[in-house]
Amino acid sequence: MGRDRLAALRAQRQNATPDPGQGDYEMQAHPPLSANGTGHGTGTDPLSTFYAEATAIQDSIQDFDDNVTRVAEFHSRSLNALDDAATQANATQLEHLTDETRQLSNSLANRIRALEKPVGAGPDAQIRKNRIDVVRTKFMATLQRYQDVERQYRQQYRQRVERQFKIVKPDATPDEVAAVVNDDQGGGSQIFAQALTSSNRYGDSRAAYREVQERHQDIRRIEQTLGELAQLFNDMATLLGEQEEKIDAIETAAAGVAHDTEGGQKHTEVAVKHARSARRKRWICFWLTIIIILAAVGIGVGVYFSQHPPKSSSSG
């Protein structure tokens with residue numbers, strides 16, 4: 001009976017005492033992780049934050065570049081579409097993709113501008129400047145590629161308009177072709193409509209006219225995109241110039257400080273030399289004074305004894 005009661009008391013004590021490795025520990029809240037994932041506080045290192053944003057921007061630039069590739073693919077499909085339904089579906093997808101790419105490029109430009117604002121003097125300034133240059137250069141290269149793609153397909157759309165117009169009017173003059181291709185203020189459409197009335201290939205002419213209208217819309221969208229890309233490219237180039245001016249000003253100020261420091265050091269060295277020279281002269285004057293005093297005392301003593309010789313005592 002004694003053993004049973006002792007075992008029961010031990011079991012009761014174990015059930016009443018929480019396991020130190022389980023209950024209380026699980027109720028403790030974990031500290032929030034910092035930006036570096038260490039969990040030692042919530043503060044972030046400015047340079048680490050800068051690198052994180054620069055890397056994120058580069059990832060977005062890659063997305064931008066992928067969109068440019070997709071835009072080129074949609075342009076190619078548009079030129080090779082075989083029916084109106086495919087053409088319309090492709091045009092809708094291309095328009096959505098163009099809008100998405102426009103928003104992405106504008107966002108990237110704003111983020112790069114924000115990335116450049118904190119750059120100033122300091123030990124990390126050159127590191128930040130070099131990384132910003134890499135990000136900006138990559139973005140501008142993608143902008144340039146996008147412009148090249150749009151120019152390329154704008155030219156192909158114009159060539160398609162020219163071919164379609166010559167189907168309707170094989171004997172069209174170069175001025176008429178240029179007017180239809182450029183469609184300045186709708187004049188090309190009027191010329192094309194007049195050519196339709198005299199064409200003996202009505203079905204082909206109507207199909208050609210519809211395609212020309214579609215290509216004119218494509219060309220106008222491309223020219224709008226090219227204008228926006230040119231503005232973004234110029235903004236980035238201007239920002240680059242402004243940033244270089246700021247860096248030059250900082251370097252000039254730093255060089256001025258170094259020059260002033262060097263000049264101050266030289267003045268200090270000259271002052272030390274003058275102080276040493278003055279101290280040396282003071283010691284020379286001191287010892288010359290001592291020598292003169294000693295010489296004067298010696299001369300005075302000599303003169304005194306020469307005038308008052310000691311009297312010798314006489315014996316007996």
Side-chain angles (χ1 to χ4, degrees), residues 64-106 140-235 237:
F64 179 35
D65 190 74
D66 293 340
N67 278 12
V68 173
T69 300
R70 292 174 59 200
V71 166
E73 292 173 355
F74 276 116
H75 281 313
S76 179
R77 292 179 192 175
S78 179
L79 288 168
N80 298 320
L82 300 178
D83 55 67
D84 292 341
T87 299
Q88 186 60 40
N90 187 81
T92 301
Q93 290 177 315
L94 178 57
E95 185 175 359
H96 290 164
L97 179 59
T98 301
D99 291 340
E100 175 188 332
T101 306
R102 178 186 299 110
Q103 295 175 8
L104 180 57
S105 62
N106 290 332
M140 294 179 71
T142 306
L143 285 175
Q144 185 63 57
R145 176 172 174 257
Y146 195 5
Q147 291 181 77
D148 293 340
V149 166
E150 295 290 70
R151 291 191 188 101
Q152 173 189 348
Y153 282 98
R154 180 180 61 180
Q155 182 62 27
Q156 293 188 27
Y157 285 143
R158 286 176 171 174
Q159 292 172 354
R160 179 64 66 87
V161 169
E162 180 177 350
R163 287 196 297 270
Q164 295 302 319
F165 180 53
K166 287 185 176 180
I167 291 175
V168 177
K169 191 175 183 181
D171 58 346
T173 65
D175 291 340
E176 289 175 331
V177 171
V180 171
V181 169
N182 296 323
D183 194 28
D184 295 331
Q185 298 179 353
S189 298
Q190 294 179 359
I191 294 175
F192 205 111
Q194 292 173 0
L196 283 175
T197 60
S198 59
S199 175
N200 55 4
R201 301 171 59 183
Y202 183 76
D204 293 340
S205 299
R206 295 297 301 178
Y209 183 59
R210 285 196 302 271
E211 182 171 359
V212 166
Q213 288 179 319
E214 292 169 356
R215 298 311 169 205
H216 279 155
Q217 293 177 359
D218 293 333
I219 291 171
R220 282 192 289 270
R221 281 195 293 265
I222 286 177
E223 289 177 345
Q224 178 183 355
T225 301
L226 283 172
E228 294 168 351
L229 292 174
Q231 184 61 49
L232 272 180
F233 194 90
N234 291 336
D235 290 345

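Throughout, numbering of the chain's residues begins at 1 and tracks the sequence. Because the structure is predicted, anything quoted here is derived from the model rather than measured.
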Does a donor on one side chain sit under 3.5 Å from an acceptor on the other, for Asp235 and Gln231?
-> yes
Using 4.0 Å as the upper bound for N to carboxylate O, is an ion pair formed by Glu162 and Lys166?
-> yes
Please round to the nearest 0.5 Å and tell me the distance separating atom CE of Met140 and atom CG of Asn234.
-> 8.5 Å
Using a strict cut-off of less than 4.0 Å between a Lys/Arg side-chain nitrogen and an Asp/Glu carboxylate oxygen, indicate whether Glu211 and Arg215 qualify as a salt bridge.
-> yes
Check the pair Ile167, Gln164 against side-chain contact (heavy atoms from CB on, under 4.5 Å), reporting the backbone distance first and the verdict last.
-> CA-CA 5 Å; Ile167 291 175; Gln164 295 302 319; 3.7 Å; yes
Hey, does the side chain of Asn90 reach the backbone of Ala86 with a donor-acceptor pair shorter than 3.5 angstrom?
-> no
From Glu73 atom CD to Leu94 atom CG, the distance as rounded to the nearest 0.5 Å | 11.5 Å
Steps toward side-chain contact (heavy atoms from CB on, under 4.5 Å) verdict (Glu95, Leu97) = CA-CA 5 Å; Glu95 185 175 359; Leu97 179 59; over 6 Å; no
In Å, rounded to the nearest 0.5 Å, how long is the span from CZ of Arg154 to CZ of Arg151?
-> 7.0 Å
Parallel, tilted or perpendicular: which describes the rings of His75 and Tyr153, with under 30° parallel and over 60° perpendicular?
-> parallel
May I ask you to decide if Arg221's main-chain N or O and Thr225's side chain share a donor-acceptor pair within less than 3.5 Å?
-> yes
How about Arg158 and Val161: do any of their side-chain heavy atoms sit closer than 4.5 Å?
-> no
Taking the side chain as every heavy atom from C-beta outward, state whether Val180 and Glu176 have any atom pair closer than 4.5 Å.
-> no
Using distance alone, with no hydrogens and no angle criterion, decide if Gln144 and Asp148 have a side-chain donor and acceptor under 3.5 Å apart.
-> yes
Answer yes or no on whether Arg160 is positioned over the face of Tyr157, meaning its NZ or CZ is under 6.0 Å from the six-membered ring centre and within 45° of the axis.
-> no
What's the spacing between Leu79 CG and Phe74 CZ if we round to 0.5 Å?
-> 13.5 Å
To the nearest 0.5 Å, atom CD1 of Ile219 lies from atom CD of Gln156 at 11.5 Å
Going through the distances and angles, do Leu143 and Glu228 end up as a side-chain contact (heavy atoms from CB on, under 4.5 Å)?
-> CA-CA 10 Å; Leu143 285 175; Glu228 294 168 351; over 6 Å; no
When you measure from the side chain of Ser76 to the backbone N and O of Ala72, does any donor-acceptor pair fall under 3.5 Å?
-> no
Side chain to side chain contact (heavy atoms under 4.5 Å, CB included) partner of Gln147, the single match among Thr142, Leu229, Leu232 | Leu229
Does the distance from a Lys or Arg side-chain N to an Asp or Glu carboxylate O, for Glu150 and Arg102, drop under 4.0 Å?
-> no
Side-chain contact test, heavy atoms from C-beta onward, threshold under 4.5 Å: evaluate it for Lys169 versus Asp171 and give yes or no.
-> yes
